[in-house]
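If you read the sequence from its start, that first residue is 1, and numbering goes on from there. Note that the structure is a prediction, hence the values are computed from the model and not measured.
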Amino acid sequence: MTVASRRRNNTNFDNNLISRLQKQFPDLIPPAIALIIFLVAWQAFSWLPGATLPGPIQVIQDTWMLIMYPFYDRGGIDKGLFWQIWASLQRVAISYTLAAIVGIGVGIAIGVNKTIYKALDPLFQLLRTVPPLAWVPISLAALRQNEPAALFVIFITAIWPILINTYVGVTQIPQDYNNVAKVLQLNKKDYFFNILIPAALPYIFTGLRIAIGLAWLAIIAAEIVMSGIVGIGFFIWDAYQNNDVSEVILALVYIGIVGLLLDKLMAWIQTLIVPAEQK
């Protein structure tokens with residue numbers, strides 16, 4: 001009976017998997033066709049006279065060892081792409097977490113207090129328009145080390161969408177909610193956790209999703225101009241300096257995949273936390 005039950009369970013699992021794939025198959029066809037067309041066009045352009053960029057076939061041939069052995073570690077900055085991406089992700093995780101904490105906190109503060117908003121808004125509008133690369137020399141001059149400078153560049157880039165969207169979410173709380181809070185005579189703690197945060201959550205997560213993409217972009221930009229650190233950004237710059245264009249292209253593909261996964265991760269977390277009726 002035990003063997004028969006296991007076989008039935010395996011059969012049911014296989015049938016469920018096949019049925020899910022069949023349902024999703026129509027959605028997979030358009031992006032698959034678009035990807036094939038893009039690769040064919042790219043390969044065709046690489047065969048034109050005077051073309052300088054390698055095609056996808058040559059990229060795979062030139063970077064086959066990097067693709068097959070992403071976990072090698074020879075010490076220093078000579079590491080596989082897994083470790084390069086992992087080092088960059090660690091920096092993003094640290095700075096993004098700090099940006100989320102500070103951005104949400106300050107966003108709530110300026111959302112509930114107009115005086116604080118009037119005092120800080122001009123400064124925020126000035127700072128948020130500065131490009132990530134412009135912060136690199138300032139952070140290096142102030143912090144004197146590559147690692148904390150890179151962390152600061154990510155932080156200062158990621159904080160603005162979180163802060164602004166949190167502020168908008170707090171100011172867009174429906175008046176009916178505030179009226180209910182007055183009728184029930186909720187104290188500040190109950191109002192914060194039962195009214196303010198739930199109402200602002202969709203806006204906060206919009207800022208968090210935008211910020212994770214900007215944080216990933218910022219670390220690449222920061223690492224490119226910072227020498228001697230392990231990270232996918234410096235890997236790209238080092239490959240370009242050595243005229244290894246295929247390695248640059250491979251790293252760009254990996255960056256795009258990681259960026260997509262980070263966005264999907266934040267979207268999944270949002271589905272777990274934000275109620276369906278608020279999405």
[X] versus [Y]: any side-chain heavy-atom pair under 4.5 Å?
X	Y	result
I255	W216	yes
L262	M266	no
V92	I212	yes
P148	Q145	yes
L208	Y96	yes
L127	W135	yes

Working note: L140 + V136, criterion side chain to side chain contact (heavy atoms under 4.5 Å, CB included); need CA distance, chi angles, decisive distance, verdict.
CA-CA 6 Å; L140 284 172; V136 174; 3.9 Å; yes

Can you tell me how the ring of F38 sits relative to the ring of W42, calling it parallel under 30°, perpendicular over 60° and tilted otherwise?
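Aromatic pair F38/W42 classed tilted.
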
Linking I/L/V/M/F/W/Y whenever their side-chain heavy atoms sit closer than 4.5 Å, directly or via other members, would [X] and [Y] fall into one cluster?
X	Y	result
I57	V59	no
L120	V112	yes
F152	V130	yes

Side chain of [X], backbone of [Y]: donor and acceptor closer than 3.5 Å?
X	Y	answer
S95	L151	yes
S246	D62	no
N113	I116	yes

What's the separation between atom [atom1] in [X] and atom [atom2] in [Y], rounded to the nearest 0.5 Å?
X	Y	atom1	atom2	value
L214	T157	CG	OG1	7.5 Å
L217	I154	CG	CD1	11.0 Å
I204	I108	CD1	CD1	5.5 Å
E223	I236	CD	CD1	9.0 Å
Y69	L81	OH	CG	14.5 Å
T171	K114	OG1	NZ	10.0 Å

Close aromatic pair by centroid cut-off 6.0 Å: W237 and F234:
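For W237 and F234, the ring centres are not under 6.0 Å apart.
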
Centroid-to-centroid, Y117 to Y167, below 6.0 Å?
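Ring centres of Y167 and Y117 closer than 6.0 Å.
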
Search all heavy atoms of I219 against all heavy atoms of A150 and return the closest pair with its distance.
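What the structure gives for the nearest pair is CD1-CB, 4.2 Å.
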
Flag this pair as yes if the NZ/CZ of R209 is under 6.0 angstrom from the six-membered ring centre of F205 and inside a 45 degree cone about the axis; otherwise no.
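That pair does not qualify as a cation-pi contact.
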
Testing the 3.5 Å rule here: is there a donor-acceptor pair between the side chains of Q58 and S46?
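There is no such pair between these side chains.
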
Between I110 and L163, is a side chain to side chain contact (heavy atoms under 4.5 Å, CB included) present by the stated rule, with each step listed?
CA-CA 9 Å; I110 64 176; L163 190 155; 3.6 Å; yes

So for atom OH, which belongs to Y72, do other residues, nucleotides or ligands contribute more than 12 heavy atoms lying within a distance under 6.0 Å?
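Check passes, neighbour count above 12.
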
Quick check: are there more than 12 heavy atoms from other residues, nucleotides or ligands sitting under 6.0 Å from CG of N243?
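It does not: N243 CG has 12 such atoms or fewer within range.
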
Looking at L66, I77, V248, which hits side-chain contact (heavy atoms from CB on, under 4.5 Å) with F235?
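Looking at L66, I77, V248, the match for F235 under the side-chain contact (heavy atoms from CB on, under 4.5 Å) is L66.
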
